[in-house]
Amino acid sequence: MASLSTGEPQEMEVDRRGESEESGDDETRRKSINGKEESPVDMDTITLDPEEEDVDLVHCRIGKIEGLEVLQKAKTLTLRQNLIKKIENLDSLSSLRELDLYDNQIRKLENLQNLTELEQLDVSFNILRKVEGLENLTRLKKLFLLHNKISCIANLEHFTGLEMLELGSNRIRVIENLDTLTSLQSLFLGTNKITQLQHLEGLHNLTVLSIQSNRITKIEGLQSLVNLRELYLSHNGIEVIEGLENNKKLTTLDIAANRVKKIENISHLTELQEFWMNDNQIENWSDLDELKNAKSLETVYLERNPLQKDPQYRRKIMLALPSVRQIDATFIRF
């Protein structure tokens, strides 16, 4: 195995405070410490082990994918944080299960048709404008396209086995073309330009839905998501809590940083464990009655609401919701 630094595996974490802003046209984005652009290295200078199954080439200043034919036993290939502009010369690596191209300078999804065993693909933090060229990757379970320039959800209809889709921090305006993704469990669409919750009816297995930092004004279109457990809607323009009648399995509900004036229509969410309602306009203590049926509720965020001005703020929450162990960022001491 060859590596100039150790990379952490890509894990999906939900940022309840909103995700990073869109990338710019940034072929010159990555600078060295002295202010000069990094120059690519020749692949001939990197020693590859033909017996290695997990190949880690993180931050090696690789400018072109080449010379990897010896890696016939590779199951995982990590090329994150390099200077790669084009996906190429991977045809011989037909045994690959995971391919990581996070943080490069790639403009197009291409030349992946031979990687039919691929189960995880990460091309986050690149310069992609389209989802394309993935038709042969029918075994894909996780697809990460975070922080690109993708403007529409398309060309995913063949991914009937896909379990996780990350399209956060792009330029998407409409939720669409997801009907065939019947195995999807987690969908991340944070930091886009989406105005409406729609076209989610076919995602019956969805357990996590994150649409933070968009332009949503109404909670709707979630009726068929009966298995939903985590819903993240922070940093939108929502004024009323509604439309959650069928989402009885919710354990986490995040509506922070919206325009909500009243906690309502959630008394049936008895499995709630975390409730994020900070940075809204809640002013009546009686609203907390909506949470009394959630006997496992442990975390409540209500800071930066009018309620917080009450000098007995924490004490009143503790009395109203005795199961709670954390109020805002502070744990309760007994």
Side-chain angles (χ1 to χ4, degrees), residues 1 7-13 48 50-58 65 68-80 84 86-104 106 108-126 128 130-148 150 152-168 170 172 175-189 199-200 202-210 225 227:
M1 180 175 70
E8 294 295 329
Q10 173 74 357
E11 294 292 342
M12 204 60 261
E13 294 184 2
L48 301 172
E51 301 300 313
E52 186 61 57
E53 292 190 358
D54 299 315
V55 181
D56 190 348
L57 296 169
V58 175
I65 302 174
L68 303 182
E69 294 80 9
V70 299
L71 302 175
Q72 292 300 303
K73 295 185 179 180
K75 298 289 191 295
T76 300
L77 175 59
T78 302
L79 290 164
R80 59 167 51 200
I84 298 165
K86 183 176 182 178
I87 302 173
E88 58 188 337
N89 300 322
L90 295 174
D91 290 353
S92 63
L93 306 185
S94 56
S95 296
L96 273 187
R97 299 289 194 278
E98 298 182 16
L99 175 60
D100 189 340
L101 292 162
Y102 178 104
D103 196 9
N104 279 279
I106 297 166
K108 185 177 182 180
L109 288 170
E110 59 186 336
N111 301 320
L112 293 167
Q113 59 272 11
N114 281 15
L115 306 186
T116 55
E117 300 295 314
L118 212 60
E119 296 179 356
Q120 179 169 315
L121 175 63
D122 190 343
V123 201
S124 298
F125 284 82
N126 278 278
L128 302 174
K130 293 181 181 179
V131 181
E132 59 187 340
L134 304 178
E135 292 76 17
N136 287 12
L137 309 186
T138 55
R139 296 195 181 188
L140 213 59
K141 293 182 178 179
K142 296 182 179 182
L143 177 58
F144 300 92
L145 297 170
L146 174 72
H147 214 296
N148 279 280
I150 297 166
C152 63
I153 304 171
N155 301 319
L156 296 173
E157 57 274 0
H158 49 285
F159 288 137
T160 54
L162 195 69
E163 297 174 359
M164 175 182 284
L165 176 60
E166 166 61 277
L167 280 165
N170 278 285
I172 296 166
I175 302 173
E176 59 187 342
N177 301 320
L178 297 174
D179 297 346
T180 61
L181 307 188
T182 53
S183 299
L184 202 64
Q185 297 174 15
S186 302
L187 175 60
F188 298 89
L189 292 167
H199 303 143
L200 297 166
L203 307 182
H204 301 295
N205 290 308
L206 204 66
T207 59
V208 179
L209 175 59
S210 176
L225 307 185
N227 291 306

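By the side-chain contact (heavy atoms from CB on, under 4.5 Å) test, H204 is found to be paired with S224, residues two or more places apart in sequence or in another chain being considered. Partners of N114 by side-chain hydrogen bond (donor to acceptor under 3.5 Å, both in side chains), not counting sequence neighbours: none found. Scanning for salt bridge (Lys or Arg N to Asp or Glu O under 4.0 Å) contacts around K73 gives E51, with sequence neighbours left out. Not a single salt bridge (Lys or Arg N to Asp or Glu O under 4.0 Å) links E176 to another residue, sequence neighbours left out. K130 is linked by a side-chain contact (heavy atoms from CB on, under 4.5 Å) to E132, counting only residues two or more places apart in sequence or in another chain. Taking the side-chain contact (heavy atoms from CB on, under 4.5 Å) definition, one finds that N136 meets it with Q113, T116, sequence neighbours left out. Residues passing the side-chain hydrogen bond (donor to acceptor under 3.5 Å, both in side chains) test with T180: none are found, sequence neighbours excluded. T138 is linked by a side-chain contact (heavy atoms from CB on, under 4.5 Å) to nothing, counting only residues two or more places apart in sequence or in another chain.
Shown are E117, E119, E98; of these, the salt bridge (charged side-chain N to carboxylate O under 4.0 Å, His left out) with R139 is made only by E117. Among T207, L209, N205, L203, the one residue that satisfies the side chain to side chain contact (heavy atoms under 4.5 Å, CB included) test with L184 is L203. With L77 as the fixed residue, the side chain to side chain contact (heavy atoms under 4.5 Å, CB included) test singles out one of L90, I65, D54: L90.
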All N/O donor-acceptor pairs, side-chain side in residues 154-161, below 3.5 Å, sequence neighbours left out:
| from | atom 1 | to | atom 2 | distance (Å) |
| --- | --- | --- | --- | --- |
| N155 | ND2 | V131 | O | 2.7 |
| H158 | NE2 | L134 | O | 3.0 |

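Annotation for I150 and L145: closest pair CD1-CB, 4.0 Å, computed over non-hydrogen atoms. Heavy atoms only, all atoms of each residue included: L115 and L137 are closest at O-CD2, 3.1 Å.
The backbone N or O of L206 sits nowhere less than 3.5 Å from a side-chain atom of N227 that would complete a donor-acceptor pair.
Counting only N and O atoms by type, the side chains of D56 and T78 include no donor and acceptor under 3.5 Å apart.
Atom CG of L68 is separated from atom CG of L79 by 6.5 Å, given to the nearest 0.5 angstrom.
Sorted by first then second residue, the side-chain hydrogen bond (donor to acceptor under 3.5 Å, both in side chains) pairs that include residues 86-97, not counting sequence neighbours, number zero.
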